[in-house]
**Student:** 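My structure is below; once you've seen it, I'll send some questions.
The residues of the chain are indexed from 1 along the displayed sequence. Order of appearance sets the numbers: ligands from 1, and atoms from 1 within every ligand. Since we're looking at a predicted model, the values are computed, not measured.
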Amino acid sequence: MHVIIAGAGIAGLTVSLALAEKGWRVSLVERTEQLSEVGAGLQLGANAVRILSELGLAEPLMAAGFAPQAAEVRVAATGKLLLRNPLGAEAQARWGAPYLQISRTDLQFILLNAAKDHPQINLRLGAEVVSVEPDGSTATAILADGERIEGDLVIGADGVRSRLRNALFGSQPLQFTGQVAWRGLVPAERFSPGLIPPVAAVWTAPAKHFVHYYVCGGRMVNFVGVVERDWREESWTEPGDPAELQADFAGWPEPVRAICAAVEQPFRWALYGRPPMPRWSRGRATLMGDACHPMLPFLAQGAAMAIEDAAVLALELEQNTDVPGALQAYEQTRLPRATKVQSWSRRNARLFHLPQPASEALFGAAALADRFVPGGAAARFDWLYGYRTT
Ligand SMILES: Cc1cc2nc3c(=O)[nH]c(=O)nc-3n(C[C@H](O)[C@H](O)[C@H](O)COP(=O)(O)OP(=O)(O)OC[C@H]3O[C@@H](n4cnc5c(N)ncnc54)[C@H](O)[C@@H]3O)c2cc1C
């Protein structure tokens, strides 16, 4: 069996490995000549780390990632701790795998190295898939230079601006959220010891929030700062002005100000919402990852959902040799879950930006529940991090 995959991002690389392991011949076609170094940090819940570990990647992941002790939510104005969810040994015991923070570049290169070593995977850089013919006894991917690659299945793992999504289903509605995210990476050695705690930290305020955590084995600090503003460039590579970042978070607690002062080149991207698609598959073609369910970053599940998609698709194709039937089964399993995660991400955007009394009341209720039922706060995330594809 031969699959053609458009896009060597997190989704495309993971599904290449998962299918190659099951004996498929993989043509992995990536538009860029060289994979990018611009990505910042990503969080990988136990749901994603478990799948990557089953692909034999636990060792490099642990070496490149950082395992936080907890997730902490605080009020920016006062520093008050609203909620603390343990993410260390307790989380690993509860969800069966560690919670990791990792730079996107490191994750992509770990996957890429495994793909390069795999005899079943043929990686083609600098080739763009522009269309697909899915309806027949085979499927064909059409490249920008007119080349046609025929196989049993075509997967569009070509990211948020997916050409295959447009080719299969037409252009999809897009809505600006009114939010802009700053992001960047800062060497940890620039901070005085102890200033940046080893946790996934979220600072909340009306109409703004700021997240920071370690990546690269603790050598770098990643941050994302979200502000409500009308600026609409949806790009991963748009540099921003450090002075503007500092002004947005002036007067915030010391770790936030220190990070904003230390970053040499912050980036910024406008956050767009996309309603769930009713279908992801047509004939012998399907979509995965950001191509079909782009996530707002507020539940930190964009990469994890792409990784889950890959595992489920490979499993369905193993269990069902009828490719269109397997794609329907994949979509029925994945679409409701991805939609739920999209909706929780939107909900967190509202929660993080509430005025203080309301935010204290909401997070306080969760903390109280945890005091009466030990592990109560963690239990609210069992559906997310405890997810198993088998
Ligand atoms: C450069 C970059 C930086 C990012 N930085 C962050 C970040 O800081 N924080 C965060 O939360 N998320 C970030 N993301 C998004 C995050 O990686 C994804 O949400 C998640 O990993 C899901 O991955 P995906 O594989 O579906 O999409 P992506 O990671 O976007 O991968 C899609 C891949 O497809 C390739 N491609 C696109 N069109 C075509 C085509 N027509 N033919 C062939 N190849 C094609 C792209 O070059 C890319 O390699 C970034 C993505 C990119 C591409």
**Student:** Is it true that Leu42 lies under 4.0 Å from ligand 1, counting heavy atoms only?
**Tutor:** yes
**Student:** Can you list the ligand 1 atoms lying under 4.0 Å from a non-hydrogen atom of Gly289?
**Tutor:** 26 (O)
**Student:** Examine Ile102 and Leu112 and state if one hydrophobic cluster contains both, with Ile, Leu, Val, Met, Phe, Trp and Tyr joined whenever side-chain heavy atoms are less than 4.5 Å apart.
**Tutor:** yes
**Student:** With heavy-atom distances below 4.0 Å as the criterion, list the atoms of ligand 1 near Ala40.
**Tutor:** 8 (O)
**Student:** Does Lys208 count as lying over the ring of Trp203, i.e. NZ or CZ under 6.0 Å from the six-ring centre, within 45 degrees of the axis?
**Tutor:** no
**Student:** Considering only heavy atoms of Ala303, which atoms of ligand 1 have at least one such atom less than 4.0 Å away?
**Tutor:** 20 (C), 21 (O)
**Student:** I need the contact type for Pro297 against ligand 1. Using non-hydrogen atoms and a strict under-4.0 Å cut-off, is it side chain, backbone, both or neither?
**Tutor:** neither
**Student:** Please compare Asp158, Val15, Leu44 and report which has the shortest non-hydrogen distance to atom 36 (N) of ligand 1.
**Tutor:** Asp158
**Student:** So for ligand 1, is Trp269 a polar contact partner (N or O within less than 3.5 Å, distance only)?
**Tutor:** no
**Student:** Report yes if some heavy atom in the side chain of Gln101 is under 4.5 Å from a heavy atom in the side chain of Leu44; otherwise report no.
**Tutor:** no
**Student:** Just wondering, do Thr204 and Val202 contact through their side chains at under 4.5 Å, heavy atoms?
**Tutor:** yes
**Student:** Is Arg74 reaching over with its side chain to a backbone N or O of Gly79, donor-acceptor style, under 3.5 angstrom?
**Tutor:** yes
**Student:** Taking only heavy atoms of Gly159 into account, list the atoms of ligand 1 that are under 4.0 Å away from them.
**Tutor:** 27 (O), 30 (O), 32 (C)
**Student:** Taking the minimum heavy-atom distance to atom 34 (O) of ligand 1, which of Gly156, Gly7, Gly302 ranks first?
**Tutor:** Gly7
**Student:** Any idea which part of Arg104 is under 4.0 Å from ligand 1, heavy-atom wise: side chain, backbone, both or neither?
**Tutor:** side chain
**Student:** Below 4.0 Å from ligand 1: does a non-hydrogen atom of Pro294 turn up there or not?
**Tutor:** no
**Student:** So that I can tick it off, tell me whether Asp290 and Arg161 are bridged by a salt bridge, with the cut-off set at under 4.0 angstrom between side-chain N and carboxylate O.
**Tutor:** no
**Student:** Should we say atom CD of Gln265 is surrounded by more than 12 heavy atoms from elsewhere, each under 6.0 Å from it?
**Tutor:** yes
**Student:** Within the structure provided, determine whether Ile155 and Leu19 are in side-chain contact (heavy-atom separation under 4.5 Å).
**Tutor:** yes
**Student:** Counting each atom of ligand 1 from 1 as listed, which ones have a heavy atom of Glu128 under 4.0 Å away?
**Tutor:** 40 (C), 41 (N), 42 (N)
**Student:** Which of parallel (below 30°), tilted (30 to 60°) and perpendicular (above 60°) describes Phe381 and Trp344?
**Tutor:** perpendicular
**Student:** State whether the shortest distance between N or O atoms of Gln108 and N or O atoms of ligand 1 falls below 3.5 angstrom.
**Tutor:** no
**Student:** When you check the gap from the basic side-chain N to the acidic O, do Asp248 and Arg229 get nearer than 4.0 Å?
**Tutor:** yes
**Student:** Do Lys22 and Leu317 make a side-chain contact, defined as non-hydrogen atoms from C-beta onward lying under 4.5 Å apart?
**Tutor:** no
**Student:** Check this for me - ligand 1, Ile10, N or O atoms closer than 3.5 angstrom, yes or no?
**Tutor:** yes
**Student:** Using a 4.0 Å heavy-atom cut-off, which part of Arg183 comes near ligand 1: side chain, backbone, both, or neither?
**Tutor:** side chain
**Student:** Is any N or O atom of Ala306, backbone or side chain, closer than 3.5 Å to an N or O atom of ligand 1?
**Tutor:** no
**Student:** Is the shortest distance from a Lys or Arg side-chain nitrogen in Arg279 or Glu331 to a carboxylate oxygen in the other one below 4.0 Å?
**Tutor:** no
**Student:** Between Val29 and ligand 1, find which residue part has any heavy-atom pair under 4.0 Å and reply side chain, backbone, both or neither.
**Tutor:** backbone
**Student:** Could you work out, for atom 32 (C) of ligand 1, the closest of Ala157, Ala48, Ser131, Ser235 by heavy-atom distance?
**Tutor:** Ala157
**Student:** Counting only heavy atoms, tell me which of Leu143, Leu125, Val129 gets closest to atom 41 (N) of ligand 1.
**Tutor:** Val129
**Student:** Using a strict 4.0 Å cut-off to heavy atoms of Gly41, name the atoms of ligand 1 that fall inside it.
**Tutor:** 9 (N)
**Student:** Taking the six-membered ring of Tyr387, is the NZ or CZ of Arg337 close enough (under 6.0 Å from the centre) and on axis enough (within 45°)?
**Tutor:** yes
**Student:** Would Asp290 count as a polar contact of ligand 1, with the cut-off being nitrogen or oxygen pairs under 3.5 Å?
**Tutor:** yes
